[in-house]
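Here the structure comes first, spelled out in structure tokens, and everything after it is commentary.
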Amino acid sequence: MIQHEMYINGEFVLSSNGEFFDVINPATEKIISQVPKATKADAKRAIDAAEDAQIAWEALPAVERGVYLHKIATKIREQVPKIAKLISEEVGKTLALSEVEVNFTADYLDYMAEWARRYEGEILQSDRPNEHIFVFKKAIGVTTGILPWNFPFFLIARKMAPALITGNTIVVKPSAESPNNAVAFTKIVDQIGLPKGVYNMITGRGGEIGDELAGNPKVGLVSLTGSEPAGQKVMQAASENITKVNLELGGKAPAIVLNDADLDLAVKAIVDSRVINSGQVCNCVERVYVQEDVKDAFTAKFVKAMEAVQYGDPLASADLDMGPLVNKSAQQSVQAKVDRAVAQGAKILTGGKAVEGTGFFFQPTVIGEATNDMEIMHDEVFGPVAPIGTFKTLDEAIKLANDCDYGLTSSVYTTNLDRAMKVIRQLKFGETYVNRENFEAMQGFHAGFRKSGIGCADGKHGLEEYLQTHVVYLQFDQNIQ
């Protein structure tokens, strides 16, 4: 049995209580490793190490900090197949998708490193004759990153890279479902010689150490990617010290298919957006609205495409579209939501069942006759399930799409620019994709409205989440000789 270690102040260590927990392969249900079960004392120790390292780290020129990120990216590219296998083994995503994730992570580190010479302050005009107003952008200090399991390797970089390039230090906690890839990332960090305490990684259950990561008074920013309930707990813990929070939470992305859409394009893009990582992605299409006069044609094509989706153990076959759900609880949750949709009047057009046997698989599922008074159109499913509703007019489609507590991503399919622009103007979501699958760019702006979160990631604006503003009013005597 492989037993991993955590990483605190530049050293690989066990938890203070010596306890471990198991990591399960969701395709085979076998234990693949054990990782330390961190305590609050371990979390405090990691935060203290980050605090001790932060002043010296911020004092380095940003370009020197960027050199370390470039080195990590280079090392990652040397191990793409190895790391991808670790991800697929513990999360269940296809090897092809895992390799995309690993390569994207390396590119993201390089991208953020290149901001070393680009992020900047300002000089403002003063109302007084002998005064300059300087706006400095400075590091926040110690940051913490609480990670999910669905894109576990990339999300280390999404939090760590902007934190480090701007002079912060960080403590990351990977999901208990997917710590093995975080260990691999951490070994690379150790190999390239990042100064002690700048990056720390602890493993454990969020319910046991999450309050410390969010509520420790030494933490200046806590960044969480996860569920709405997890976000609420982080906010509660952070509120005692008025700690800044950055939250990417749930989504219930609508896809609007208008009667002038290229249906083949729409079907392919929506299927791709629905089954990627078995539907376990916050910006996946979660509900489809089709204009009534193309409902039958779209549905026939869509059902056929979903029935063609290939799934299985990602380490047993490379020719797959998706793998299992992450655990038994996820499989049971998806089944319960599908069953409630049927009880409320929806109809299963294909799939609808958990797959019997080993592994936490769920059939690619299409649900017809779904209406907005059903839970399936409001609650995040996080599985390969696509409910389809209909609409008559564009105004109705926009109203149905906006009828949601979440506001992360959305999409529209049309060949009419005027209709596309109307949808873009009136949809209340952080992202809208027009005639393409739901997948963001690293230079973009990944943020949600309403219960989908607070703050953002990626690009210039994501970088600025890790900065605070210091304004200096400097008066001087211009008559001095």
Side-chain angles (χ1 to χ4, degrees), residues 23-30 32-33 76-77 79-108 147-158 174-175 177-182 184-185 225 253 267-286 302 304-328 330-331 334 350-351 354-355 357-366 381-386 436-440:
V23 181
I24 308 296
N25 181 328
T28 65
E29 301 185 42
K30 293 181 179 179
I32 52 178
S33 71
I76 286 172
R77 292 190 181 96
Q79 301 180 39
V80 172
K82 177 183 175 182
I83 297 170
K85 183 179 178 181
L86 285 175
I87 296 170
S88 293
E89 184 180 43
E90 62 185 340
V91 174
K93 66 175 62 176
T94 65
L95 270 173
L97 182 57
S98 293
E99 289 186 358
V100 168
E101 178 177 354
V102 178
N103 282 305
F104 192 83
T105 300
D107 291 346
Y108 194 88
L147 312 176
W149 45 262
N150 56 350
F151 281 89
F153 196 74
F154 164 62
L155 281 158
I156 300 173
R158 190 181 236 176
S175 167
E177 305 291 345
S178 57
N180 293 346
N181 71 90
F185 190 105
T225 302
V267 166
K268 184 180 187 310
I270 295 172
V271 170
D272 288 347
S273 298
R274 184 61 257 164
V275 305
I276 182 176
N277 202 21
S278 305
Q280 301 169 118
V281 185
C282 58
N283 60 355
C284 269
V285 171
E286 279 265 344
F302 190 72
K304 183 178 179 181
M306 286 289 276
E307 288 177 340
V309 169
Q310 298 296 307
Y311 59 89
D313 181 350
L315 298 186
S317 174
D319 190 24
L320 297 174
D321 300 301
M322 69 178 200
L325 298 175
V326 71
N327 55 33
K328 186 67 175 179
Q331 187 188 51
V334 173
T350 188
V355 178
T358 302
F360 310 123
F361 297 94
F362 201 92
Q363 296 173 338
T365 299
V366 181
V381 176
F382 232 54
V385 176
R436 58 158 285 188
E437 80 285 358
N438 297 23
F439 202 85
E440 69 271 21

If I take atom [atom1] from residue [X] and atom [atom2] from residue [Y], how far apart are they, to the nearest 0.5 angstrom?
{"X": "Thr225", "Y": "Leu147", "atom1": "OG1", "atom2": "CG", "result": "7.0 Å"}
{"X": "Ser88", "Y": "Leu315", "atom1": "OG", "atom2": "CG", "result": "5.5 Å"}
{"X": "Phe360", "Y": "Thr28", "atom1": "CZ", "atom2": "OG1", "result": "8.5 Å"}
{"X": "Trp149", "Y": "Lys93", "atom1": "CH2", "atom2": "NZ", "result": "9.0 Å"}

For [X] and [Y], work out which heavy atoms get closest and say how close.
{"X": "Ser278", "Y": "Gly323", "value": "OG-O, 2.8 Å"}
{"X": "Leu325", "Y": "Pro384", "value": "CD2-CD, 4.0 Å"}
{"X": "Gly383", "Y": "Val334", "value": "CA-CG2, 4.1 Å"}
{"X": "Val326", "Y": "Pro26", "value": "O-CB, 3.3 Å"}

Under a 3.5 Å distance rule, please check whether [X] uses its side chain to pair with a backbone N or O of [Y] as donor and acceptor.
{"X": "Asn25", "Y": "Ile32", "value": "no"}
{"X": "Gln331", "Y": "Phe361", "value": "yes"}
{"X": "Glu101", "Y": "Phe154", "value": "yes"}
{"X": "Thr350", "Y": "Val366", "value": "no"}
{"X": "Glu29", "Y": "Gly359", "value": "yes"}
{"X": "Asn277", "Y": "Asn150", "value": "yes"}

Within-4.5 Å side-chain heavy-atom neighbours: Glu286 and Arg274:
yes
What I'd like to find out is whether the side chain of Ile276 reaches to under 4.5 Å of the side chain of Asn438, using heavy atoms alone.
no
For [X], salt bridge (Lys or Arg N to Asp or Glu O under 4.0 Å) partners two or more places apart:
{"X": "Glu90", "value": "none"}
{"X": "Glu177", "value": "none"}
{"X": "Asp272", "value": "Lys268"}

Applying side chain to side chain contact (heavy atoms under 4.5 Å, CB included), name anything that partners Gln363, two or more places apart in sequence or on another chain.
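Gln363: side chain to side chain contact (heavy atoms under 4.5 Å, CB included) contacts with Tyr311, Lys353, Val355, Thr365.
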Under the side chain to side chain contact (heavy atoms under 4.5 Å, CB included) rule, collect the residues that match up with Arg436, sequence neighbours excluded.
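Partners of Arg436 by the side chain to side chain contact (heavy atoms under 4.5 Å, CB included) criterion, ordered by chain and then number, come out as Tyr433, Phe439.
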Pairs meeting criterion salt bridge (Lys or Arg N to Asp or Glu O under 4.0 Å) with involvement of residues 306-320, two or more places apart
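Those involving residues 306-320 do not exist here.
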Among Asp107, Thr105, Ile83, find the one that has a side-chain contact (heavy atoms from CB on, under 4.5 Å) with Arg77.
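Going through the options one by one, the only one that passes is Asp107.
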